[in-house]
Amino acid sequence: MFSDAVYPFDARGVAKRFRHAAIFGALSALHPGETMRFCNDHDPLPLLQQLMGHFGDHIKIDYVAREPGEIVIDFQIVA
């Protein structure tokens, strides 16, 4: 179950050519303190670099699961 402040985002269901735009859009829609729980089948290291470059200190990135084929990351927007 997810609390009101944690929103799931399963990237595996988004076409590859739209993924980064969808992720940036979803994160931009969050308010400080809200979290997007991101699921993917691979570790998105280039995406993480892009997110840190774009959001800087306003995003907190925490791995929930980091197994081959199952990556779950919490992205939290901070003030």
Side-chain angles (χ1 to χ4, degrees):
M1 285 285 145
F2 295 99
S3 73
D4 289 342
V6 178
Y7 302 98
F9 185 101
D10 192 338
R12 298 169 293 189
V14 179
K16 287 185 181 184
R17 64 186 235 175
F18 300 127
R19 279 187 192 167
H20 283 208
I23 293 163
F24 273 85
L27 288 171
S28 295
L30 294 178
H31 298 287
E34 294 182 325
T35 299
M36 182 177 83
R37 179 154 293 157
F38 171 85
C39 298
N40 203 12
D41 57 0
H42 66 278
D43 204 348
L45 298 176
L47 172 66
L48 298 182
Q49 291 297 319
Q50 290 176 348
L51 291 173
M52 289 186 289
H54 181 80
F55 290 99
D57 293 338
H58 297 286
I59 191 166
K60 182 179 174 192
I61 299 170
D62 290 312
Y63 281 87
V64 176
R66 198 173 190 181
E67 302 294 327
E70 181 187 0
I71 303 297
V72 180
I73 303 171
D74 279 353
F75 295 113
Q76 183 179 46
I77 300 301
V78 294

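Counting begins at 1 with the first residue of the sequence. Computation of the quantities below employed the complete heavy-atom set of this structure, encompassing side-chain atoms and omitting hydrogens, waters and symmetry-equivalent molecules.
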Around atom CD of Q50, are there more than 12 heavy atoms of other residues, nucleotides or ligands at under 6.0 Å? yes
To the nearest 0.5 Å, atom NE2 of H20 lies from atom CG of L51 at 8.0 Å
Check A22 against V14 and note the closest heavy-atom contact, atom names and distance. CB-CG1, 4.3 Å
Is there a path of hydrophobic side-chain contacts, each under 4.5 Å between heavy atoms of I/L/V/M/F/W/Y residues, joining I23 to Y63? yes
Is the backbone of V6 close enough, under 3.5 Å, to the side chain of R37 for a donor and an acceptor to pair up by distance? no
Ring-plane angle category for F24 and H54, please: parallel below 30°, perpendicular beyond 60°, tilted otherwise. perpendicular
To the closest 0.5 Å, what do you measure between CD1 (I61) and CZ (F55)? 9.5 Å
Honestly curious: do F18 and L27 fall in one hydrophobic cluster under the side-chain, below-4.5 Å linking rule? yes
Nearest-0.5 Å distance, CD1 of residue I59 to CD1 of residue I77: 4.5 Å
Would you name the heavy atoms of T35 and L30 that are closest together and state the gap between them? C-CD1, 4.0 Å
Other residues, nucleotides and ligands only: do more than 12 of their heavy atoms fall within 6.0 Å of CZ on R12? yes
Mark yes or no for whether E70, through its side chain, and E67, through its backbone, hold a donor-acceptor pair below 3.5 Å. no
Pairwise side-chain contact, F38 with L47, heavy-atom cut-off 4.5 Å (strictly under): yes
What's the shortest heavy-atom distance between A5 and G33, and which atoms? CB-O, 4.3 Å
Kindly indicate whether the side chain of I73, heavy atoms from C-beta on, has any atom under 4.5 Å from the side chain of F9. no
Does any part of the side chain of M36, heavy atoms only, come nearer than 4.5 Å to the side chain of D74, both counted from C-beta? no
Point-to-point distance, once rounded to the nearest 0.5 Å, from CG of N40 to CD1 of I71: 7.5 Å
Just verifying a value: how many Å separate Q76 CD and D62 CG, rounded to the nearest 0.5 Å? 8.0 Å
